[in-house]
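Here is how names work: the chains are called A, B, and so on, in the same order as the sequence lines, proteins then strands, and each is numbered from 1. All values below come from the heavy atoms of this structure, side chains included, with hydrogens, waters and symmetry mates left out.
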Amino acid sequence: MSKSRDKKKRYEDSSDSDSAEEARKKDLKERDEFANRLKQKDANRTRNIVAASEKKAYEEAAKRLKIEAEDRDKMVPMLRIHSRRKYLEKRKDDKLQELEADIQDDEFLFENDILTERERKERQHKKELLKLAQEHEKARELERVQRYHMPSDAGKSSEYVEVDELENMPQSEQKKWEKEQMASAVYSFGAKEKAKRDEYELLLANQIDFIQALKLPGSKDKEDKKPELTESERKKLDIQETKKSLPVFPFRDDLIQAVRDHQVLIIEGETGSGKTTQIPQYLHEAGFTDDNKKIGCTQPRRVAAMSVAARVAQEMNVKLGNEVGYAIRFEDCTSERTIIKYMTDGTLHREFLSEPDLQSYSVMIIDEAHERTLHTDILFGLVKDIARFRPNLKLLISSATLDAQKFSEFFDDAPIFRIPGRRFPVDIYYTKAPEANYVDACVVSVLQIHATQPLGDILVFLTGQEEIETCQELLQDRVRRLGSKLKELIILPVYANLPSDMQAKIFDPTPPGARKVVLATNIAETSLTIDNIIYVIDPGFAKQNHFNSRTGMESLIVVPVSKASANQRAGRAGRVAPGKCFRLYTLWSYKHELEDNTVPEIQRINLGNAVLMLKALGINNLMKFDFLDPPPRETMVLALEQLYALGAFNHRGELTALGRRMAEFPVDPMMAKMLLASDKYKCSEEAVSIAAMLSVNGAIFYRPKDKIIHADTARKNFNHVGGDHLTLLNVYNQWRDSDYSTQWCYENFIQYRSMKRARDVREQLVGLMQRVEIEMVSNVSEVDNIKKSIISGYFYHVARLSKSGSYKTVKQNQSVTIHPSSALFEDLPRWLLYHDLVYTTKEYMRVVMEIQSKWLLEAAPHYYKPKELEDSTNKKMPKTVGRSTRTD
DNA sequence: GAGCACTGC
């Protein structure tokens, strides 16, 4: 800690002369001039993109929604059965140790600091997490697998322990319904199990307080009366009928009035209420789009923004992209005529840079606010601020039930407007004792449901690809052994990295008499909605990314889910009919061990880019920015410190001309700096390609289990002596020379989907380079120049080989290792630049390249002092290290 | 000698 204080002092010492003051003034002037030029550009830019590129946008949207690249099918990784479990086990142990160490570090390093309430809570949360995980392990060691059983016949219902809340429940109808459900469930035990039957009990908890489905008014009569309607007329009528049948419809007039009366309104509504599609239309009909103003609505996901916009355009009988449009990254499907605009939250966040007061909007709706993405969290603070000086701007914050009160308080006690949803009740079952091994428990549960419960598809939530594949294997094996005793069971995996055509299989209708089991990651919690799911199995775990601002290291840990998340999962069973959710943990765990809500993203990630953006929007004191839940102070300090070191801020904390340019790029500040520095080194084409390749996280090289040797050989052909950055450049350039061929990717074990994405990112970056007035020039042969522009951004990420033969990061003195996938894995250059640090089995540097220490002085003279970069290992390297050092 | 939950600009 004292180290960082020294650092700060040093910055100040180096910049307090008169000439520095003048330079500062000049820089600020330049910055403002640049900002003005950008404004001018934006004003001149015609917004009528649709007219020119409507067809293209349509095609692209269709393509994106459609399944991508057929030949990815061939690249599907073969099932990785062996040693997967072992690997998982090993990693879990490591993660546990890491968490433990983290807590110890915390307590040691910050022992004497006065903790804020939040910091104290965070520490407490970590401790509880560790305790939980350890207990989970203990239960496993016991190997006494106790499983819950399916509901038996009604006569035996006294066998089930009723939970207190059930008794408190006022509606006896619920109870009655429940009994009926129990009666309909038939459970038959195997002969062997029958003896044990009495040992088991099912813990039956209360029903989630879901709102009973509203009845759809029958539209059939009316149709019969008017058989002479044309197809399109009937379609129109159907749309009107559907609109009227939505739960939000009866609230139309009250809602419009409430928006008129209040500037900020919190909309509390379950999914399926129709709020996302209807509210913007109501407000449009009520005249909120007069005077050329727009209604905006943000969504956390691209697909949602696109599909909702398409739906609303259809309902309003207009062409998508005209009156109703959407804007997402790489695609702007709006025009000057657009009055209802759907967009992703990140897009609106970016839009703030060119329109900081949202002047063109009369209403802004922030939908799905309870998901608490980084972008919505920042938008909260921004729109709250704007609302103060734009009294005619209406804000609607729409959220699921639990958070509404919190949002209301944040927005100065804004009124809450409640809209019922349309969802069927879901019975929740808990296990009596903690499950020892939840993958096994999932398999057993699936089979029990399949054997005893009425038909209906099953959704199982697991943490990742590995687990899903293990579970799939186990299930297939068991089903095969049971042979024809059971009905057909179709087992389908789904996770984000699965090729889209494989993903699409989960949407195929289940054949009559069969049952579908979908093994999914969190992707099925919000992003994908699968129809006909009646049963949900929830082990209660998920993977979560954590950023440690002290070490700058990221790690992915399996953690218990939150109550909100568990309820969201359960809700997936009640979309088409009453459902059942089997939780593989106890009611006690649910009540006492699960957090109410998932830790918001803003508290878990590196904030470099977010901080730069806010600064570019003129928010000067970020420590006082109005966050709904503020990020950890340390993360904030690290971000500010890095931005200062990069030259985005001057010593007074003001945004510099460089910083203003950096903010234009939707990338990490270090990468933005690298891109801007490429101008000086005349290699902007190369820098942009490298940046694009780095932006698709590590999913470039394809390495199927059965073709490891081929894949590795193919990969080595791309290796560049200069390091992994240049290897990536090689891959991109060769792909480009192949005319972006899919066949080329297949032959070279490269993932086509990732390359396509890199190309999209690259195109966008090139556009932005032109926007910040940088010429695109290519200079592939000048490798040192390319490296120098990378160093200009990433000088913070440097490690040096120590005497002991291991690497230490220069600033944090953290022990790190070259990742085995690196081209330099067997090489041990004295100075290394790494792209990122990730903790998996060890502390790894991913994507590294060799550098010369004198380049560091050139790139960041304010940051490194010559003394710091003296080689303490000037003599020969220890023999054990082997060949080394081509440095300096 | 390796492991990528999920979004998004």
Side-chain angles (χ1 to χ4, degrees), chain A residues 77 80 83-84 86-88 90-91 94-95 298-305 327-332 343-353 368 371-379 461-469 494-498 520-528 541-546 554-559 561 565 598 600-601 604-605 609-610 612-613 663-668 671-672 695-703 705 708 711-712 715 751 754 757 760-761 764-765 767-768 817-822 825-826 836 838-842 844-846:
Chain A
R80 306 166 197 167
S83 76
R84 200 169 288 135
K86 223 196 266 168
Y87 156 68
L88 273 178
K90 188 165 140 246
R91 191 164 70 161
D94 288 337
K95 298 289 185 200
T298 71
Q299 293 292 319
R301 277 169 294 279
R302 298 162 54 92
V303 199
I328 57 181
R329 191 186 188 181
F330 310 132
E331 261 183 77
D332 185 348
M343 64 200 117
T344 46
D345 49 11
T347 306
L348 180 61
H349 192 180
R350 282 262 139 211
E351 255 186 32
F352 264 90
L353 277 177
E368 312 284 357
E371 287 194 30
R372 304 292 308 273
T373 68
L374 170 70
H375 296 297
T376 29
D377 262 25
I378 291 172
L379 287 175
F461 283 100
L462 293 163
T463 67
Q465 182 181 345
E466 303 271 358
E467 260 179 34
I468 286 174
E469 286 171 356
V494 62
Y495 44 87
N497 266 344
L498 193 73
T521 58
N522 254 0
I523 196 171
E525 200 177 290
T526 49
S527 308
L528 292 182
F541 291 95
K543 280 189 190 171
Q544 221 177 47
N545 196 2
H546 285 267
E554 288 183 13
S555 47
L556 204 56
I557 320 171
V558 175
V559 297
V561 297
S565 187
T598 313
E601 195 182 8
R604 286 187 286 125
I605 61 161
N609 187 253
L612 180 59
M613 283 264 297
E664 284 298 311
F665 291 88
V667 297
D668 187 274
M671 191 179 278
S695 299
V696 293
N697 334 318
I700 304 272
F701 298 99
Y702 169 62
R703 200 168 179 264
K705 261 262 177 348
I708 284 177
D712 287 357
R715 178 172 187 162
Q751 303 231 38
S754 306
R757 196 182 138 71
D760 282 343
V761 174
Q764 188 193 26
L765 292 179
L768 290 168
T817 318
I818 302 177
H819 196 274
S821 65
S822 169
F825 179 64
E826 289 172 338
D836 59 357
V838 65
Y839 178 84
T840 50
T841 50
K842 264 197 221 166
Y844 282 114
M845 299 181 273
R846 275 193 310 203

*Asks:* Would you say A/His546 reaches B/dA5's phosphate, i.e. side-chain N/O to OP1/OP2 under 4.0 Å?
*Replies:* no
*Asks:* Name the closest nucleotide to the A/Glu466 side chain, picking from B/dG8, B/dT7, B/dG3.
*Replies:* B/dG3
*Asks:* In whole angstrom, what separates A/Leu462's CG from B/dA5's C1'?
*Replies:* 12 Å
*Asks:* For A/Phe825, answer base if it contacts any base atom (sugar-phosphate contacts may also be present), sugar-phosphate if it contacts only those atoms, and nothing otherwise; contact means non-hydrogen atoms under 4.0 Å.
*Replies:*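 Counting heavy atoms under 4.0 Å across all strands, the contact made by A/Phe825 is with sugar-phosphate only.
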*Asks:* Report the C-alpha distance between A/His819 and A/Ser821 in whole Å, list the side-chain angles of each, state the deciding distance to 0.1 Å, and finish with yes or no for side-chain hydrogen bond (donor to acceptor under 3.5 Å, both in side chains).
*Replies:* CA-CA 5 Å; A/His819 196 274; A/Ser821 65; 2.7 Å; yes
*Asks:* For A/Leu528 and B/dT7, what is the distance between atoms CG and C1' respectively, to the nearest whole Å?
*Replies:* 12 Å
*Asks:* Under 4.0 Å: is that the gap between some side-chain N or O of A/Thr526 and OP1 or OP2 of B/dC6?
*Replies:* no
*Asks:* Counting side-chain heavy atoms from C-beta on, which of B/dC9, B/dT7, B/dA2 comes nearest to A/Arg301?
*Replies:*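 Comparing B/dC9, B/dT7, B/dA2 against the side chain of A/Arg301, the answer is B/dT7.
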*Asks:* Between A/Glu371 and A/Thr376, does any side-chain donor sit less than 3.5 Å from a side-chain acceptor?
*Replies:* no
*Asks:* Within the 4.0 Å heavy-atom criterion, would you say A/Asp712 contacts the bases, only the backbone, or no part of the nucleic acid?
*Replies:*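 Contact class for A/Asp712: base.
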*Asks:* In terms of the nearest nucleotide of DNA chain B, which residue is placed more toward the 5' end: A/Gln299 or A/Arg846?
*Replies:* A/Arg846
*Asks:* What is the distance, rounded to the nearest whole Å, between atom CG of A/Asn545 and atom P of B/dG8?
*Replies:*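 Result: 16 Å.
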*Asks:* Atom CG of A/Leu768 to atom P of B/dC9: distance rounded to whole Å?
*Replies:* 13 Å
*Asks:* Less than 4.0 angstrom between a side-chain N/O of A/Thr347 and OP1 or OP2 of B/dC9, yes or no?
*Replies:* yes
*Asks:* Might you point out which heavy atoms bring A/Gln544 and A/Thr598 nearest each other, and give the distance in Å?
*Replies:*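 Shortest heavy-atom contact: NE2-CG2, 3.1 Å.
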*Asks:* For a quick test of reading the model, state the closest non-hydrogen atom pair linking A/Arg350 to A/Ala663 and the distance between them.
*Replies:* NH1-O, 3.0 Å
*Asks:* When we call it a touch if two heavy atoms are under 4.0 Å apart, what does A/His819 touch: a base, just sugar-phosphate, or nothing?
*Replies:* sugar-phosphate
*Asks:* From CD1 of A/Ile523 over to P of B/dC4, roughly how many Å is that when rounded to an integer?
*Replies:* 17 Å
*Asks:* Just how far, in rounded Å, is C1' of B/dG8 from CZ of A/Phe352?
*Replies:* 16 Å
*Asks:* Figure out the CZ/C1' separation between A/Arg372 and B/dT7, and round it to whole Å.
*Replies:* 15 Å
*Asks:* Which is true for A/Thr521 with a 4.0 Å heavy-atom rule: it touches a base, it touches only sugar-phosphate, or it touches nothing?
*Replies:*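 It contacts sugar-phosphate atoms only.
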*Asks:* Please round to the nearest 0.5 Å and tell me the distance separating atom CG of A/Asn522 and atom NZ of A/Lys543.
*Replies:*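 Answer rounded to 0.5 Å: 11.0 Å.
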*Asks:* Between B/dC9, B/dG1, B/dT7, which nucleotide has the shortest distance from any of its atoms to the side chain of A/Ser527?
*Replies:* B/dT7
*Asks:* When the distance from CG of A/Asp377 to P of B/dC9 is rounded to whole Å, what number comes out?
*Replies:* 17 Å
*Asks:* Across the strands shown, which category fits A/Ala496 at heavy-atom distances under 4.0 angstrom: base, sugar-phosphate, nothing?
*Replies:* sugar-phosphate
